[in-house]
Amino acid sequence: MQDDYRADVAVIGAGIMGTAIVTRLIETGHKVSVFDLDTEKVAALQAKGARAAGSVEEAVSWSAFCVLSLNHANIVRAVVFGEKGVAAAANADKVLIDMSSIDPADTADMATRLRRETGMAWVDCPLSGGVPGALSGRLTIMAGGSAEDFERARVVMRHLAANYTLMGVSGAGQTTKLINQLFCAVLFQAVAEAVKLAEAGGVDPAAIPAALAGGRADSRILQEFMEKFAARDFSPTGRIDNMLKDLDSLQAFALKTKTPLPMTGSVVEIHRLLCAAGLGPKDSAEMMRLLDGFQAD
C-alpha cells in the first residue's frame, strides 16, 4: 500500500459519527460519496466536498470501499441487502467496513452472506473515541474479518484510527466493542458515584483526576469525564440510549454464552431507568441527575 494512495469511499449514514468520519476522510484526501435519508445532513457534507448519492447502490457503485455508520443490525441488514442496497453494486473488488456497533452473530451472518452472494469482503470495525477521535484520526478500532481484508481496509482506517487491531474472524470486532462498552458504562457510573461521594465529603471532585493520576484508579474516563460530571456539563459526547442499545446486545450475548455479569447487569438497569425518565437522547453526564434525585435545574 502506497502511503500517498487515496480511495473512493462511500459512507452510508450521516449522523454524528458518520459526519465526523466523512469530514476526516475528505480532509485526508479521499473522494467521499455519501448517502443518508436526511438530505439536510448530506447537503452539509456536500458543502465540505462530499458527493451526494441518490441511493446506497449508487454510492457503492462509485467506490472501492463502503463505510457503514448506522445504529442497529436490522438497519445494517436493510442497507446491505435491501432494494438498491450495498449488495446491488457489490463485487469482489470492494470492501465493506461496518463501523456500526451491532450484534456479533448478526455481523458474522451478514458477512458470510455478502461474500457468498457477491464476493464482497466485510470487515467489522466498531470504534471507540467518538467524534473527537474521528476528526483527529485517533480512533481505536477493533476489527473482525480475515487478515487479508483487514489489510485492505487499512487504506481507509489509517486516516481514522491510531489503534487498528484485528481481533479475529467476522464478529470478533463487535465482541470486543461490547467489552469496551462494558468498561465505559461501569466506569461512567463509578465516576458519577465518586463525584457525589467527594461532594458529600467536602472534596472538590474536579481535583480528583489530578490527585489520582498515575495510580491504580486512574483511567481515561476518570481524566476526561469526572470534571464534566462534577460541573453537570450535559453537552453531548454520547447518548445514553445508544449505550443502552450496546448494553442490551452485551446482555443478550452473555445470556447466549451463559456468562455471569452481575455488575454490568446493575448498570444496564440504571441506563434503562434513565431512558424511562426521558434522558435517553441525552449525554452520559445526565447520570448525575439520578444521583441528584432528579432535581430541577
Side-chain angles (χ1 to χ4, degrees), residues 71-73 100-107 126-130 140 142 167 171-201 203 205-206 208-209 211-212 215-297:
N71 281 331
H72 299 281
S100 315
S101 294
I102 63 173
D103 180 74
D106 284 332
T107 291
L127 61 89
S128 181
T140 292
M142 45 231 84
M167 302 305 299
Q174 298 294 355
T175 300
T176 308
K177 177 58 185 285
L178 294 181
I179 294 167
N180 179 84
Q181 296 304 80
L182 184 158
F183 277 116
C184 288
V186 170
L187 288 172
F188 279 142
Q189 181 63 26
V191 165
E193 293 182 16
V195 167
K196 291 298 290 186
L197 189 63
E199 291 172 343
V203 173
I208 296 293
L212 301 187
R216 285 186 174 177
D218 198 9
S219 70
R220 286 282 298 276
I221 285 181
L222 171 67
Q223 295 297 330
E224 293 179 19
F225 288 95
M226 187 154 187
E227 186 172 356
K228 184 179 193 296
F229 280 30
R232 279 54 172 184
D233 173 4
F234 303 128
S235 58
T237 59
R239 292 170 57 122
I240 290 171
D241 53 8
N242 278 343
M243 177 64 82
L244 179 59
K245 180 262 296 183
D246 290 344
L247 291 173
D248 281 341
S249 294
L250 194 162
Q251 280 199 313
F253 185 76
L255 183 63
K256 187 185 304 181
T257 57
K258 296 182 172 57
T259 304
L261 301 174
M263 186 181 302
T264 304
S266 297
V267 174
V268 172
E269 293 309 313
I270 290 170
H271 279 73
R272 205 178 308 285
L273 178 62
L274 291 167
C275 287
L279 297 177
K282 303 295 186 179
D283 184 76
S284 293
E286 300 270 358
M287 297 172 79
M288 295 306 306
R289 293 196 191 274
L290 176 60
L291 298 181
D292 289 338
F294 290 106
Q295 298 172 9
D297 292 334

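Remember, predicted model here, so these are calculated numbers, not experimental data.
- Among all heavy-atom pairs drawn from P281 and G278, the shortest one is CD-O, 3.9 Å.
- R272 has its side chain within reach of D248: a pair of non-hydrogen atoms, C-beta onward, lies under 4.5 Å apart.
- From I240, atom CD1 reaches atom NE2 of H271 across 6.0 Å, with rounding to the nearest 0.5 Å.
- Between K228 and S284 the shortest side-chain heavy-atom distance does not fall below 4.5 Å.
- Atom CG of L187 and atom CZ of R220 lie 12.5 Å apart (nearest 0.5 Å).
- C184 places a side-chain heavy atom less than 4.5 Å from the side chain of I221.
- Side-chain contact annotation: T237 with D283, donor-acceptor N/O pair under 3.5 Å present.
- Atom CZ of F229 sits about 11.0 Å away from atom CG of L222, to the nearest 0.5 Å.
- Rounding to the nearest 0.5 Å gives a distance of 10.5 Å between CG of L250 and CG of D103.
- When all heavy atoms of L244 and C275 are compared, the pair lying nearest together is CD2-SG, 3.7 Å.
- Contact annotation: the side chain of L247 approaches that of M243 to within less than 4.5 Å [non-hydrogen atoms, C-beta and beyond].
- A pairwise comparison of heavy atoms in A192 and M287 identifies CB-CB, 4.5 Å as the closest pair.
- In this structure, the side chains of N242 and D246 stay at 4.5 Å or more apart for every pair of heavy atoms.
- Enclosure of atom CD in Q181 by more than 12 non-hydrogen atoms of other residues, nucleotides or ligands within 6.0 angstrom is indicated.
- Closest non-hydrogen pair, K256 versus A105, comes out as NZ-CB, 3.8 Å.
- Side-chain atoms of L182 and L178, non-hydrogen and from C-beta on, never get closer than 4.5 Å to each other.
- We find the CD1-CE distance between I208 and M226 to be 5.0 Å, quoted to the nearest 0.5 Å.
- The two atoms that bring A254 and L261 nearest to each other are CB-CD1, 3.5 Å, heavy atoms only.
- Distance check: D233 CG to M288 CE gives 12.0 Å after rounding to the nearest 0.5 Å.
- Minimum interatomic distance between P260 and P262 (heavy atoms only, all atoms of both residues): C-CD, 3.5 Å.
- V195 has its side chain out of reach of F225: every pair of non-hydrogen atoms, C-beta onward, lies at least 4.5 Å apart.
- In this structure the side chain of D292 reaches within 4.5 angstrom of the side chain of R232, judged on heavy atoms.
- The only member of P104, S101, S100 that meets side-chain contact (heavy atoms from CB on, under 4.5 Å) when paired with P126 is S101.
- A salt bridge is absent between E193 and K196: the closest approach of a Lys/Arg side-chain nitrogen to an acidic carboxylate oxygen does not fall below 4.0 angstrom.
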